[in-house]
Amino acid sequence: SVRFCEKKDNVVTSTQLNEGESQTKQPEQKEEQHVLKADDGGTVSDQANDKPEQILAKSPQPEAETVKSGKESLLDLLGAMKVEVTNKRKLKNMKIKQSFESATQYNSKPEGMESTISMFQKATEEASSQSETLNSDLVAAASAAAATLPNRSQAESELLRQLRQRKALSEAQKRGDMKNIGVIIADMKVGKNSNRQNAWPSDQIRFDDDGRGYTHDRGITSELAGVRKWRNVFQAKRLSIFSPATEKDGVKPALAKPTLWDMDFAHQLCQSTNQMPRNGFEEMIQWTKEGKVWQYPIDNEIGLEEEASVPFHEHIFLNKHLEQGFPRQGPVRHFMELVVAGLARNPYLTVQQKKEHIDWFRDYFHQKEDVLNEADVYLT
Amino acid sequence: MAASGRHVGHYIHRNGRFLRVNLDHLWANRSFGWTSALQQQAPEVNKDSSESIVIPRKKTWSKTAVLEALASTVKRDPTAHPYQFQDDPYLAPRTSAEFRLFSLSQESGRSAAKFFVNNNPKFFTKDFAEPHIPCLMPESVTLRLEEVSEEALKERISLRKVTAAVDMYDQLLQAGMAVSMETSHDLLDLVCLYCDKDPEQEEGPQGETGEEAKGRRGRMRRDFPKTLWKENNNAERIFNLLPERDTRCYSALIRGMVKHGAPAKAFSLYTDLLNNRLTGDVHLFNALILAAPELREKYTEKWDLISELLNQMSQQKVQPDLLTFNSVLKALRRCGYVAKTKALPTLSEMKAMGISPSLATYDHILAAFFKSASSGTSNIDILLEVLSELEGRSFTCQDPDDVLFFSSAMRVCLDGKDLELGYKVQTLVEVGDNWRLLGDSFQQSIYYGRFFHLLCMMENIDVVLEWYRKIIPSLYYPNPQGMRDLLQALDTDSRLDMLPTIWKDIKSLGHDNKSELVEELLALMAREKHSPEVQESFAECALNVKSVCDGRPGTEWSASSLSYITTLLLRANKTQEAWEVLLVFKAKNRIPSEELLNSFLSACHTTRDSRIAVELVQLSSAFCLPITSALASRALAEFNLTEEQRAVLSELEVAVESSD
């Protein structure tokens, strides 16, 4: 409870807008604390009956869990009301809303605090039997809280209703009357509190004088919150504008050559990332991509891609190219057979080059046909 | 083959018991080697009977696979220089400025060589390489075709000579020759992309200055157009001259207008396109979405325009791509509070379309939820979820904005002071080739700067120092603020004995000229007393600080740093050196504090050095300090003085008293 007090003071001092209001509230709160202190002394020291009846009736919760749930549900309720406020007011009034928040927050605390304090003090105390009637302190606090909201009467009635429910719940738990709880729980708005619960501490903490905003520590509860949010993020409602391209109408002409824009985009991508090699191997990868080094695994046919589809016999059996344009026998034929034999063993020329080589001789001998015929060596 | 091999293996296994011991090992290896082949064929194996022989598909390895495997065995050595600087250890950079200088000059050297080769192809005709290596030979950068023809136009377009191409196009039209649609598309693309100006020669030496300018200014606002779209420029003129205009022409023009800062014109052209009963293409819409926020004032109206565009896309049966959604999210960053409500539905839409988000997508979403703790979901939560989805994946760059993700994610961690999350981000960076997506050296230093700051703030000092050795200076050259964070971290965990080592690093990082940092270091050292050994090392460090700073011209000594040095020297009983520092006080017209003089006198007392004590009192009187008389009387009382010294001191004692 001490920690809560500190937090509250923080909030109060940091929201300057709310100053006047909080100043009026502060003495009241202190008074109450004072009363409680006195009361505490009374119970501990002599168990005398001189304590005010009011206070005795005020805190009927004997169990920690019950108290806590009561407080939480109150917080939830206030959180829910905050949503209403935001809805009503425009978003530009954020600051005003903020002050409202802190005001309600502030007002809500005394109840919570009182009940926590009294929880320790009056654990053994018997609870008052009347469950349906709320004590006047709570009603007053609730109406004070409601007064800060624009829609006063509605807020007040909601607050009171919630308080009654809380009371009923604690009564029921105490009695062990569990079947009632289901009904009560079903009546309560639990749906809203998931966000609220999480936002609460971070809202408070944002007023830290630390400046950068300090996170609440990530315990198991926030792990669970993470799971819940995960659903929120990745299962958010989609815009429902497009229909998925199940039919293949979206198939683009993949063969279209890249436009200048595409090249520019690729260049941008390349520029924006860090392409520096980190070690020699990465540099060699870069060189391989640029075509500066031999590719692994080493292949001695690299650079002979156009020859890959040519079978070996095209290289070796070149005699068929002598069928036309050359004499069937005689010295020219003999010479050409030698040429073909040489070409067949040459690994450095392509088939096309070999053919061109033979064609050159064909043309040459055709041009010299007259001379050869004179010498009687060109036999057709 | 695999199956039969397995049978053989079984056979050996069963019968050759004497071989078993020797073969077991081999067998394990072999069966391991088969697994990939078996997995590929697993469905067929199940269908057929187990007798059939399954021939595994031939596996073609990429040409870099071997090198990649080898490269993956090399781990980063934090003590080594970055690889790109290994050739020149003498010049290896130690500060970020040197790093910039070195890498820029390396790059410009390469560009200059390329420029020379390309512009003087006649000297580089010999082709030694077999097979031929195109990238080592000069590229043609000058125009060859001079006559007026479409071929010449194509050549100008491929060489990206904008003005020459436009001239050639005009000449062609004047000669009455028709230009094919494809060529006019290319021409429009060229003119629009470069906004009717010749691009800066990337190979030319002036390209470097452009690069540098980009480094200085353009990094923060890289979308900022360098040139502005002008009314009725050549692109619009050519567009109007075209006999028929199809979507691609419109697309080129609209993209050019958006790129060069004329969004309103782009939208009017889009209306024109609709009036001509044409449909847009995806690039056109991407550009328009990006430009949409500029046209409207209110946040909601901006979003309305974007969603209208998306609806039109869907009506025109244009399938969106990754860039469409990234543009939507990027545009949403400028839509204020609307972004919070619309970013996540956009992401869902994207996933529903089967498009996997890139890092830029998440970056935009983080930006949308920036500082939004009041509305429930903070960007820390978002980041947590994003990271849980991305965990262990490696990415390739699909959007130029991808490189912004890591640094902004780290900023979220830093703002939230969430160390756990920071480590998660760092783990993601270390996966695969993700480090490449940290971006250029500038982005990278931002990222590591944030990470290091976070570590210094939140982490135990031992871990901080571990990281310090790991990333500094091989990945990150910290700025003075970073070093100050480290000093604070050392202070918090009271490991001040590390300070002399840190001083050495400060020196090598070139921060020894930052007087504030040096003063903070000295203050930390002088603040408390430590054990004698530590004091000894501190004194040496202080002397080193003094000599380094004295060696630099124009050093301004402040009184406080001088007194820190003196205090440190006194604590290590180096009275003589301390005395020299006191003389510096005088030389620099700084006034030592009374406290310092008192402690100096005590130090003299412990070393029984009466001479210095007397000189100290004289020095004090030279400064006309009120403490002089007190010092003099202390000296008179505590030291064994000669008559002469005694006379001097009593004179000083009296002189000051009388002046009072």
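Letters A, B, ... mirror the listed sequences (proteins, then strands); counts begin at 1.
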Gap separating the CG atom of B:Asp77 from the CZ atom of A:Arg278, nearest 0.5 angstrom =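 Between B:Asp77 CG and A:Arg278 CZ, I get 12.5 Å after rounding to 0.5 Å.
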
If we only count heavy atoms from C-beta on, is the A:Glu282 to B:Tyr83 side-chain gap below 4.5 Å?
-> no

Close side-chain approach of B:Arg248 and A:Thr259, heavy atoms under 4.5 Å |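 Yes. Closest side-chain heavy atoms under 4.5 Å.
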
Checking [X] against chain A: side chain, backbone, both or neither under 4.5 Å from a heavy atom?
X	answer
B:Leu310	both
B:Ile157	neither
B:Val74	both
B:Ala80	neither
B:Asp399	backbone
B:Met313	both

Under 4.5 Å from any heavy atom of chain B - which part of A:Asp264 | side chain

Chain B contact via A:Gln275 - which portion, at a heavy-atom distance below 4.5 Å = both

Atom CZ of B:Phe99: over 12 foreign heavy atoms under 6.0 Å = yes

Determine yes or no for a side-chain-to-main-chain donor-acceptor pair under 3.5 angstrom, with B:Thr64 supplying the side chain and A:Ile285 the backbone.
-> no

Is a side-chain N or O of B:Glu349 found less than 3.5 angstrom from the main chain of A:Phe242, in a donor-acceptor match?
->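 Yes, because the side chain of B:Glu349 sits within donor-acceptor range (under 3.5 Å) of the backbone of A:Phe242.
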
For residues B:Gln398 and A:Leu269, report the shortest heavy-atom separation together with the two atoms involved.
-> C-CD2, 3.7 Å

Heavy-atom nearest pair, B:Gly256 first then A:Trp261, reads N-CH2, 3.6 Å

